[in-house]
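Starting from 1, each residue takes its place in the sequence as its number. Treat the numbers as computed from the prediction; the structure is a model and nothing was measured.
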Amino acid sequence: QVQLIESGGGLVQAGDSLRLSCAASGRTFSSYTMAWFRQAPGKEREFVAGLDWSGGRTTYADSVKGRFIISRDNGVNTLFLQMNTLKPEDTAVYYCAAARMQYMIVVSATPREYADWGQGTQVTVSS
């Protein structure tokens with residue numbers, strides 16, 4: 001099991017930027033694909049971005065492509081999400097998640113492929 005703690009959320013205006021962080025402990029962080037999901041009130045949890053264990057393969061939801069950048073620093077066991085040009089529709093609770101299996105090549109957008117989740121951090125974008 002890996003423990004995940006998100007930080008960096010807040011209230012911003014449309015067009016602003018935020019950087020989310022996810023600190024991991026427990027399992028060997030560098031062996032696992034990691035991802036960010038988000039959930040807005042009354043909506044299902046949706047995939048935002050994912051990054052494989054090596055950091056060489058990334059996947060983004062169409063809604064954030066070109067605006068968000070996912071990265072990781074395996075030296076400090078931390079996952080990041082740089083969010084630029086934020087829009088009101090980006091408002092949600094953002095969760096980081098660690099994949100169930102080590103050394104996965106495919107970055108899955110399916111929540112059930114992820115075994116461990118953080119508690120979430122709120123991002124609110126005002127218009």
Side-chain angles (χ1 to χ4, degrees):
Q1 185 177 11
V2 62
Q3 291 75 45
L4 302 171
I5 301 176
E6 302 97 335
S7 62
L11 172 63
V12 297
Q13 293 186 330
D16 286 350
S17 298
L18 274 177
R19 190 191 197 203
L20 305 184
S21 298
C22 173
S25 61
R27 290 188 279 158
T28 306
F29 174 79
S30 59
S31 303
Y32 292 88
T33 290
M34 300 292 297
W36 289 96
F37 289 77
R38 67 186 181 187
Q39 188 166 19
K43 295 187 177 181
E44 293 187 354
R45 190 167 297 190
E46 65 172 354
F47 175 82
V48 175
L51 179 64
D52 76 347
W53 60 274
S54 71
R57 185 186 300 267
T58 58
T59 303
Y60 295 93
D62 288 343
S63 59
V64 306
K65 202 171 293 183
R67 299 188 298 122
F68 290 11
I69 301 172
I70 188 172
S71 62
R72 66 193 300 163
D73 186 339
N74 288 340
V76 293
N77 292 349
T78 304
L79 179 73
F80 301 101
L81 185 67
Q82 178 66 43
M83 305 187 295
N84 300 318
T85 320
L86 282 161
K87 303 176 181 180
E89 51 263 44
D90 295 319
T91 295
V93 177
Y94 283 71
Y95 300 90
C96 67
R100 293 186 181 277
M101 297 177 63
Q102 290 181 307
Y103 304 117
M104 289 177 61
I105 297 176
V106 175
V107 178
S108 175
T110 304
R112 66 174 179 268
E113 296 296 333
Y114 295 85
D116 298 294
W117 296 79
Q119 82 290 346
T121 185
Q122 176 70 47
V123 172
T124 303
V125 184
S126 63
S127 58

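For Asp62 and Lys65, the salt-bridge test passes: some basic side-chain N is under 4.0 Å from an acidic carboxylate O.
Hydrophobic clustering keeps Met104 apart from Leu51 (ILVMFWY residues linked when any side-chain heavy atoms are closer than 4.5 Å, directly or through intermediates). Under a hydrophobic-cluster definition in which Ile, Leu, Val, Met, Phe, Trp and Tyr are linked whenever side-chain heavy atoms come within less than 4.5 Å, directly or via other members, Trp36 and Val125 are assigned to the same cluster. Connection of Leu86 to Ile69 is established within a shared hydrophobic cluster, with ILVMFWY side chains joined at heavy-atom distances below 4.5 Å, either directly or through further cluster members. A single hydrophobic cluster is not seen to contain both Met34 and Trp117; linkage of ILVMFWY side chains at heavy-atom distances under 4.5 Å, directly or through other members, places them apart.
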Task: side chain to side chain contact (heavy atoms under 4.5 Å, CB included) between Glu46 and Phe37, worked out - done: CA-CA 5 Å; Glu46 65 172 354; Phe37 289 77; 5.9 Å; no

Open item on the list: Test side-chain hydrogen bond (donor to acceptor under 3.5 Å, both in side chains) on Ser17 and Asn84; report intermediate values, then the result.
Closed with: CA-CA 4 Å; Ser17 298; Asn84 300 318; 3.0 Å; yes

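A distance-only check finds a donor-acceptor pair linking the side chain of Ser108 to the backbone of Thr110 [under 3.5 Å]. The main-chain N or O of Thr85 is found under 3.5 Å from a side-chain atom of Arg67 such that the two form a donor-acceptor pair. Side-chain N or O atoms of Asn74 include none that pairs as donor or acceptor with a backbone N or O of Asn77 at under 3.5 Å.
Applying the ring-ring contact (aromatic ring centres under 6.0 Å, His included) test to residues at least two apart or on different chains, the pairs with a partner in residues 48-102 are Trp53-Tyr103.
Scanning both residues, Val48 and Val64, for their nearest heavy atoms gives O-CG2, 3.5 Å. For the pair Ala35 and Phe47, the tightest heavy-atom approach, listed with the atom from each and the gap, is CB-CE1, 4.0 Å. What you find for Val2 and Ala98 is that their closest heavy atoms are CG1-CB, 3.6 Å. The minimum heavy-atom distance between Gln122 and Val93, with the atom names listed, is OE1-CG2, 3.2 Å. Residues Gln119 and Leu4 come closest through the heavy atom pair OE1-O, 3.6 Å. Of all heavy-atom pairs spanning Arg38 and Ala92, the tightest one is CB-CB, 3.8 Å.
Inter-residue side-chain proximity for Tyr114 and Arg100 is flagged as unmet; no heavy-atom pair is nearer than 4.5 Å. Two residues are said to be in side-chain contact when any heavy atoms from C-beta on lie closer than 4.5 Å; Leu20 and Met83 meet this criterion. Counting heavy atoms from C-beta outward, Leu79 and Ile70 have side chains that approach closer than 4.5 Å.
Taking CZ from Arg72 and SG from Cys22, the interatomic distance works out to 10.0 Å, rounded to the nearest 0.5 Å. Remark: Ser21 OG to Ile5 CD1 distance equals 12.0 Å, nearest 0.5 Å. To the nearest 0.5 Å, atoms OG (Ser31) and CE (Met101) are separated by 12.5 Å.
Evaluated for a side chain to side chain contact (heavy atoms under 4.5 Å, CB included) with Thr33, the options Val106, Ile105, Val107 yield exactly one hit, Val107. The side chain to side chain contact (heavy atoms under 4.5 Å, CB included) test with Thr124 is passed by exactly one of Val12, Leu11, Asp90: Leu11.
Scanning for side chain to side chain contact (heavy atoms under 4.5 Å, CB included) contacts around Ser127 gives Pro88, with sequence neighbours left out.
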